[in-house]
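Shown next, in structure tokens, is the structure this report addresses.
What you see is a predicted model, and the numbers here were worked out from it, not measured in a lab. Along the sequence shown, residues carry numbers from 1.
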Amino acid sequence: MPDYDAARVFRKLARNNRLANFRLHNACLLLPQDEFVAPRTSFFPTIRATLNHIHIIDVFYIDALKGSTLGPAAWANEEPYLTMEALRQAQAKLDDDLIFFVEELDEASLAATINVHRGKRIQQDRCDDILSHLFQHQTHHRGQVHAMLSGTSVKPPQLDEFIVGDDAMARKTEMDALEWREDDLMSPAHRPLNDA
């Protein structure tokens, strides 16, 4: 039986984040610009604003996770990307950075204290709690974009077929496009050895 791997769930969630954004962004790329920026009922007023919010909050937390001090400067520009293509490229790079960060985690680093610079104060929380919050934030706002897409000419994509092995066929298109294999959902350093 393999040893307990505390980072496994976070590696899967980081890959899930990349795959879900890939699928959602490909749908949003089909939107004409006027639908991308049209006012809609949601927490943020447009699809563009919501996707930009996901990106800038990812910047904020990933910066903190890496030990940097960007803080609230991350959201100085609330909509840094005006087109879906520019946003897609920026988010893909950030998603890959998060995957790389999570691949290096072990039980000790997951328990480490992260300093989150919030202007006049520094929030201190465990790395695994910050990651859990970040993944919840991403999922929450992707769901809002999914709902907003229902009022456009583009059908909202399925976004929850990435975690369990039984979903392998449902994620095959995205896995192929990203040149990932099913084995990549668990990093080589942490894959259990086959019982011989």
Non-hydrogen side-chain atoms of [X] and [Y] separated by less than 4.5 Å:
| X | Y | value |
| --- | --- | --- |
| Arg88 | Leu29 | yes |
| Leu131 | Tyr61 | no |
| Trp180 | Arg18 | yes |
| Arg118 | Arg121 | yes |
| Phe101 | Ile62 | no |
| Asp58 | Leu98 | no |
| Thr50 | Phe43 | no |
| Lys172 | Asp176 | yes |

Mind checking whether [X] and [Y] sit in one hydrophobic cluster, side chains of I, L, V, M, F, W, Y counted as touching below 4.5 Å?
| X | Y | result |
| --- | --- | --- |
| Ile54 | Ile57 | no |
| Ile56 | Ile47 | no |
| Leu87 | Phe44 | no |
| Leu51 | Leu134 | no |
| Trp75 | Ile130 | yes |

task: Scan for salt bridge (charged side-chain N to carboxylate O under 4.0 Å, His left out) pairs involving residues 123-144, sequence neighbours excluded, and state none if there are none.
output: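 Qualifying pairs, neighbours excluded: Arg126-Asp128.
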Give the minimum heavy-atom separation between [X] and [Y], together with the two atoms involved.
| X | Y | answer |
| --- | --- | --- |
| Ile114 | Ala64 | CG2-O, 3.5 Å |
| Phe10 | Ser132 | CE2-OG, 3.6 Å |
| Ala170 | Arg23 | O-NH2, 2.8 Å |
| Phe36 | Thr83 | CE2-C, 3.8 Å |
| Pro72 | Phe60 | N-CE1, 4.2 Å |

- prompt: Are the charged groups of Glu103 and Arg15 less than 4.0 angstrom apart, N to O?
  reply: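 Salt bridge between Glu103 and Arg15, a charged N being under 4.0 Å from a carboxylate O: yes.
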Please round to the nearest 0.5 Å and tell me the distance separating atom [atom1] of [X] and atom [atom2] of [Y].
| X | Y | atom1 | atom2 | answer |
| --- | --- | --- | --- | --- |
| Lys93 | His55 | NZ | NE2 | 8.5 Å |
| Gln138 | Asn17 | CD | CG | 3.5 Å |
| Leu178 | Asp95 | CG | CG | 9.5 Å |
| Leu110 | Cys127 | CG | SG | 5.5 Å |
| Gln144 | Thr139 | CD | OG1 | 11.5 Å |
| Gln91 | Asp97 | CD | CG | 10.5 Å |

Side-chain donor/acceptor of [X] to backbone N/O of [Y], under 3.5 Å:
| X | Y | value |
| --- | --- | --- |
| Ser109 | Leu105 | no |
| Arg171 | Phe162 | yes |
| Asn52 | Arg48 | yes |
| Ser42 | Pro45 | no |

message: If you count every heavy atom of other residues, nucleotides or ligands that lies below 6.0 Å from Gln123 atom CD, does the total exceed 12?
response: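 Correct, the count exceeds 12.
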- prompt: Do the rings of His137 and His53 sit parallel, tilted or perpendicular, given the 30° and 60° boundaries?
  reply: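 Correct class here is tilted.
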query: With no hydrogens and no angle check, do the side chains of Gln136 and His133 hold a donor and an acceptor under 3.5 Å apart?
result: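 No donor-acceptor contact under 3.5 Å links the two side chains.
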Without placing hydrogens or testing angles, list every side-chain donor-acceptor pair under 3.5 Å for residues 147-159, not counting sequence neighbours.
residue	atom	partner	partner atom	Å
Ser150	OG	Ala147	O	3.4
Thr152	OG1	Leu149	O	2.7
Thr152	OG1	Val154	N	3.0
Thr152	OG1	Val154	O	3.2
Ser153	OG	Glu35	OE1	2.6
Gln158	NE2	Asp160	OD1	2.3

